[in-house]
Amino acid sequence: MSRWFGFFFDAFDCLASKLSKVIMLDGCREGWLQAELAMYADRLTEEGQFDPCGFKVNRFPLARGKRRATADCSAGGRWPMVAEIKIVGCLAKNIDGGPIKPYRELLPGPIEVTQSMLDGVRQGEGSILADVARLGTVNDHQRFMVVVVPDGDAHSFKVARALQISSRQEWRQYNGFGVMVAQI
């Protein structure tokens, strides 16, 4: 697995207590998490535990002129990376921009994300699959989808847990939320 898995999960381990409170604050959660991840990378760099890599927020150009990537390491770094972060609120629209019912019907088994699912994503909607499709346009960086799911609606949580975005993904449960990191 990529060293970025360790970075993300170590960061979430450190942020879990705060994030369990922030996760219920609509409108600011992703920005807050992006800032915390950037400060975590800076702290590790200052301590000599992390190679300086120019960790940036919302600077990586993605398809259709959008700049929605959460973090990227500059080409000068040894492990260039770009990631999308999605904190799921209303999962009904957060899978592909449409209703959750077709995905709930695929439970309890894994829901393997296919190219046809990515091709059918509703453009203009903020969704997990739209983010994965945008990441698919990046060639020269390691690509990650990071999904944070609050505990709560059992069906939404089960659908999020069942998503198989990549063969290289890990899920970790925290108090009040779960995190999935998938390398695309």
Side-chain angles (χ1 to χ4, degrees), residues 4-46 50 53-74 81-100 103 121-135 138 141 143-161 163 165 169-182 184:
W4 288 107
F5 278 94
F7 169 81
F8 284 118
F9 283 122
D10 289 349
F12 280 106
D13 290 349
C14 291
L15 298 171
S17 177
K18 287 191 225 176
L19 183 54
S20 68
K21 294 170 183 68
V22 172
I23 204 158
M24 296 308 186
L25 304 175
D26 290 339
C28 68
R29 303 175 300 188
E30 288 177 9
W32 175 87
L33 183 54
Q34 292 168 343
E36 290 291 330
L37 289 171
M39 290 187 296
Y40 183 75
D42 286 347
R43 190 182 88 224
L44 291 180
T45 300
E46 288 170 5
F50 196 68
C53 65
F55 195 96
K56 299 178 183 91
V57 174
N58 293 331
R59 297 276 191 236
F60 197 87
L62 289 171
R64 293 175 284 285
K66 293 194 175 212
R67 291 183 172 275
R68 296 263 333 264
T70 298
D72 75 273
C73 279
S74 63
M81 178 273 296
V82 61
E84 283 277 0
I85 292 197
K86 176 68 68 190
I87 297 181
V88 177
C90 172
L91 195 62
K93 74 171 186 73
N94 284 135
I95 299 292
D96 68 0
I100 195 172
Y103 297 99
V121 165
R122 289 171 176 81
Q123 296 304 320
E125 292 286 337
S127 71
I128 294 168
L129 296 186
D131 290 350
V132 170
R134 271 195 303 278
L135 285 168
V138 177
H141 287 62
R143 301 163 295 169
F144 291 88
M145 184 71 218
V146 179
V147 180
V148 181
V149 184
D151 292 350
D153 177 31
H155 290 296
S156 297
F157 194 80
K158 287 177 184 175
V159 168
R161 279 292 301 247
L163 280 180
I165 294 172
Q169 73 182 46
E170 292 181 35
W171 180 271
R172 190 169 290 175
Q173 183 64 41
Y174 294 92
N175 185 25
F177 64 95
V179 176
M180 185 263 296
V181 177
I184 308 301

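Since we're looking at a predicted model, the values are computed, not measured.
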Rounded distance [0.5 Å steps], [atom1] in [X] versus [atom2] in [Y]:
{"X": "M180", "Y": "I165", "atom1": "CE", "atom2": "CD1", "value": "3.0 Å"}
{"X": "W4", "Y": "M81", "atom1": "CH2", "atom2": "CE", "value": "4.0 Å"}
{"X": "K86", "Y": "D131", "atom1": "NZ", "atom2": "CG", "value": "4.5 Å"}
{"X": "F144", "Y": "L135", "atom1": "CZ", "atom2": "CG", "value": "10.5 Å"}
{"X": "L44", "Y": "D10", "atom1": "CG", "atom2": "CG", "value": "8.0 Å"}
{"X": "L19", "Y": "C14", "atom1": "CG", "atom2": "SG", "value": "12.5 Å"}

Using a 4.5 Å cut-off on heavy atoms from C-beta on, say whether the side chain of [Y] contacts that of [X].
{"X": "W171", "Y": "V147", "result": "no"}
{"X": "V121", "Y": "V132", "result": "no"}
{"X": "I85", "Y": "L37", "result": "yes"}
{"X": "R172", "Y": "D13", "result": "yes"}
{"X": "I184", "Y": "V138", "result": "no"}
{"X": "F12", "Y": "V146", "result": "yes"}
{"X": "W32", "Y": "R29", "result": "no"}

Q. Step by step, would you call L33 with V22 a side chain to side chain contact (heavy atoms under 4.5 Å, CB included)?
A. CA-CA 9 Å; L33 183 54; V22 172; over 6 Å; no
Q.
Going by ring pair (Phe, Tyr, Trp, His ring centres under 6.0 Å), name the residues that satisfy it together with F177, two or more places apart in sequence or in a different chain.
A.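 Partners of F177 under the ring pair (Phe, Tyr, Trp, His ring centres under 6.0 Å) test: Y174.
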Residue pair [X] / [Y]: nearest heavy atoms and the distance that separates them:
{"X": "V88", "Y": "P150", "answer": "O-CD, 2.9 Å"}
{"X": "K21", "Y": "S17", "answer": "NZ-O, 3.5 Å"}
{"X": "S127", "Y": "G97", "answer": "CB-N, 3.6 Å"}

Short side-chain to backbone donor-acceptor contact, [X] and [Y], under 3.5 Å:
{"X": "E30", "Y": "I87", "result": "yes"}
{"X": "Q169", "Y": "L163", "result": "yes"}
{"X": "R143", "Y": "V82", "result": "no"}

